[in-house]
Amino acid sequence: MAPPAAQRIVIENCAIATVDATDTEYASGHLVLAGNRIESVGAGRAPEGLRNVARRIDATGHLATPGLVNTHHHFYQWITRGLATDHNLFDWLVALYPTWARIDERMTCTAAQGSLAMMARGGVTTAMDHHYIHPRGAGDLSGAIIRAAAETGVRFTLARGSMDRGEKDGGLPPDFAVETLDGALAATEETVRQHHDASFDAMTQVAVAPCSPFSVSTELMREAAELARRLGVRLHTHGSETVQEEKFCHEQFGMGPTDYFESTGWLGEDVWMAHCVHMNDSDIAAFARTGTGVAHCPSSNARLAAGIARVPDMLKAGVPVGLGVDGTASNESGELHTELRNALLINRLGAHREAALTARQALRLGTFGGARVLGRADQIGSLEPGKLADVVLWRMDTLAHASIADPVTALVLGAAAPVTASFVDGRQIVENGRLLTVDEDAVARATREEARRLARITAET
């Protein structure tokens with residue numbers, strides 16, 4: 001818990017959705033933040049006689065929720081938005097890899113700033129980035145991304161990605177944009193040793209994250225799993241995203257994606273995978289049995305016509321599921337709070353129709369579900385005493401939401417709600433929809449300039 005002398009922030013008079021184990025909610029309640037922890041949460045006004053109160057917030061007209069947790073993203077794609085807009089996944093990759101292969105450290109840092117800023121101002125308090133493309137001579141890309149996250153003030157997981165199957169080996173990326181097996185493993189281990197923090201209130205963690213079955217050798221998949229477990233960190237990759245991937249796995253390995261992952265050590269409570277659109281009953285059962293998590297990315301799956309993931313069936317089976325923005329070259333909005341709504345709506349187009357997901361299940365996916373997928377359910381994802389002070393205040397009394405009686409329904413199904421305040425580790429990073437940590441206008445200018453520079457370099461080469 002917070003030390004006795006910790007300064008307190010008292011938030012009162014707001015609706016509260018705690019997203020705890022029993023979905024406790026308060027129509028009008030309070031939160032007390034002490035240092036970087038939640039000290040108390042409950043109905044009515046805060047307790048009398050609190051010491052070291054640095055600030056009191058009258059949150060009338062607001063809904064307080066846990067901060068949103070993003071479980072899958074590719075920050076570098078911020079500077080390649082709006083391209084290949086009518087392609088499926090494989091055609092989209094073929095169209096964009098020649099551009100992505102020319103990113104450098106400055107581009108990567110700037111793109112990360114843009115991605116992080118957009119998420120943070122929309123209620124994300126924990127972000128992640130799956131960065132798997134490391135062109136030769138591009139600089140310290142992992143360090144650049146981590147710096148951007150620290151500047152923005154969000155809690156962060158870097159999934160240090162890798163690829164070792166270039167064009168000469170039948171892969172999609174250019175050969176100069178992939179690493180060798182040994183080089184990828186060594187660079188990943190160094191990134192973990194330099195940047196991973198295993199403490200309860202860690203702001204930066206690192207996962208081991210080869211890109212996908214069709215851009216990575218079996219040797220890299222297997223040895224990456226061994227590396228992660230030796231270092232005590234989590235594992236992340238893309239899985240079962242398209243029909244083409246399933247066909248590829250059968251042709252190359254004689255089995256489907258889930259069986260292939262299991263054969264290489266890639267199922268377990270320390271693993272989460274992005275997308276998982278094409279999963280049969282046996283696949284879902286294997287994920288549930290092993291505790292393997294899923295990052296559900298509804299907007300990206302729709303943008304690339306990949307299909308509808310069986311999220312209701314995964315949840316019923318006990319599979320950990322969180323939400324992901326995915327790269328902004330396949331989800332140009334770059335916002336996670338819109339994924340709450342899209343997860344609910346898109347899944348209602350599936351087999352379960354109106355019974356697929358409720359508004360509260362969607363909110364849980366974006367908060368506690370994401371925390372569970374990232375291995376941080378004891379620390380974040382719900383508003384409970386002792387947990388880290390990652391809290392968002394959504395304004396619900398404007399024209400967009402005021403006539404919706406239930407604030408959780410308003411947040412999930414209504415228009416994007418304004419964020420009046422967002423706290424990460426007890427520090428406020430958003431006020432009235434604007435970031436307090438970075439200059440949004442400067443970030444916008446820089447991302448535009450770097451997008452143009454990348455386009456120019458690509459055209460010249």
Side-chain angles (χ1 to χ4, degrees), residues 36-37 66-76 108-109 112 115-116 119-120 124-132 134 140-162 184-185 187-211 224-237 266 268-274 291-295 320 322-325 336 366-382 387-390 423-427 429:
N36 71 344
R37 305 293 180 94
L68 300 184
V69 179
N70 182 36
T71 61
H72 186 66
H73 209 315
H74 308 295
F75 290 172
Y76 74 89
T108 301
C109 184
S115 294
L116 287 158
M119 284 188 293
V124 169
T125 56
T126 298
M128 71 80 65
D129 182 32
H130 184 192
H131 189 88
Y132 53 81
H134 295 271
D140 181 11
L141 305 189
S142 294
I145 297 163
I146 289 169
R147 287 197 308 275
E151 291 167 2
T152 307
V154 299
R155 211 174 294 282
F156 181 57
T157 295
L158 174 68
R160 203 290 180 181
S162 53
L185 292 169
T188 301
E189 180 167 0
E190 181 63 19
T191 302
V192 173
R193 295 196 183 281
Q194 281 191 22
H195 299 291
H196 180 70
D197 181 358
S199 64
F200 184 90
D201 55 358
M203 290 297 291
T204 303
Q205 296 196 330
V206 180
V208 176
C211 182
E226 294 170 358
L227 173 65
R229 287 170 181 137
R230 174 165 60 83
L231 298 176
V233 298
R234 297 180 73 75
L235 287 151
H236 181 59
T237 192
W266 272 79
E269 293 181 353
D270 55 353
V271 180
W272 85 103
M273 298 190 194
T292 305
V294 171
L323 291 181
V325 170
L336 191 67
T367 52
F368 186 81
R372 187 180 175 199
V373 163
L374 294 183
R376 306 200 67 173
D378 292 339
Q379 303 144 37
I380 59 174
S382 59
K387 284 199 164 184
L388 295 169
D390 294 3
F423 297 87
V424 181
D425 215 47
R427 173 196 182 197
I429 67 167

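- Of all heavy-atom pairs between A184 and S162, the closest is CB-CB, 3.7 Å.
- Under the ring pair (Phe, Tyr, Trp, His ring centres under 6.0 Å) criterion, H72 pairs with H74, H130, H236, H238, H275, sequence neighbours left out.
- Here the side chain of Q205 pairs no donor or acceptor atom with the backbone of H196 at under 3.5 angstrom.
- T292 contributes a side-chain N or O that, together with a main-chain N or O of G268, makes up a donor-acceptor pair within less than 3.5 Å.
- Residues passing the salt bridge (charged side-chain N to carboxylate O under 4.0 Å, His left out) test with D390 are R155, sequence neighbours excluded.
- At least one donor-acceptor pair under 3.5 Å links the side chain of R234 to the backbone N or O of E269.
- Between the side chain of R376 and the backbone N or O of A202 there is at least one donor-acceptor pair closer than 3.5 Å.
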Practice task
For F200 and L388, run side-chain contact (heavy atoms from CB on, under 4.5 Å): C-alpha distance rounded to whole Å, both residues' side-chain angles, the deciding distance at 0.1 Å, then the answer.
Solution key: CA-CA 9 Å; F200 184 90; L388 295 169; 3.8 Å; yes
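- Note: Y132 OH to L141 CG = 13.0 Å, rounded to the nearest 0.5 Å.
- Under the salt bridge (charged side-chain N to carboxylate O under 4.0 Å, His left out) criterion, R427 pairs with no residue at all, not counting sequence neighbours.
- Residues satisfying the side chain to side chain contact (heavy atoms under 4.5 Å, CB included) test with E189, not counting sequence neighbours, are R193, L227, R230, L231.
- Taking CD1 of I429 as the start and OG1 of T152 as the end, the distance is 7.5 Å to the nearest 0.5 Å.
- With T125 contributing its side chain and V424 its backbone, the two residues share no donor-acceptor pair below 3.5 Å.
- Using a 4.5 Å heavy-atom threshold, the side chains of V206 and V233 count as separate.
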Problem - Candidate pair H195 and L158, rule side-chain contact (heavy atoms from CB on, under 4.5 Å), full reasoning - result: CA-CA 9 Å; H195 299 291; L158 174 68; 5.9 Å; no
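- Surrounding CD of Q194 are more than 12 heavy atoms belonging to other residues, nucleotides or ligands, all under 6.0 Å away.
- Legend: residues meeting side chain to side chain contact (heavy atoms under 4.5 Å, CB included) with E226, ordered by chain and number and at least two apart, are R222, E223.
- Rounding to the nearest 0.5 Å gives a distance of 14.0 Å between CZ of R372 and CD1 of I380.
- Between atom CE of residue M203 and atom OG1 of residue T126 there is a gap of 8.0 Å, rounded to the nearest 0.5 Å.
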Exercise for the section: Could you walk me through whether S142 and E190 pass side-chain contact (heavy atoms from CB on, under 4.5 Å), step by step? Expected result: CA-CA 10 Å; S142 294; E190 181 63 19; over 6 Å; no
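- A search for ring pair (Phe, Tyr, Trp, His ring centres under 6.0 Å) contacts involving F156 returns F75, not counting sequence neighbours.
- Formation of a donor-acceptor pair under 3.5 Å by the D270 side chain with backbone atoms of R229 is not found in this model.
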Practice task
Apply side-chain contact (heavy atoms from CB on, under 4.5 Å) to the pair V208 and T188, showing each step before the final yes or no.
Solution key: CA-CA 7 Å; V208 176; T188 301; 3.8 Å; yes
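- Note: R160 CZ to T191 OG1 = 5.0 Å, rounded to the nearest 0.5 Å.
- The OG1 atom of T71 sits 8.0 Å away from the CH2 atom of W272 when rounded to the nearest 0.5 Å.
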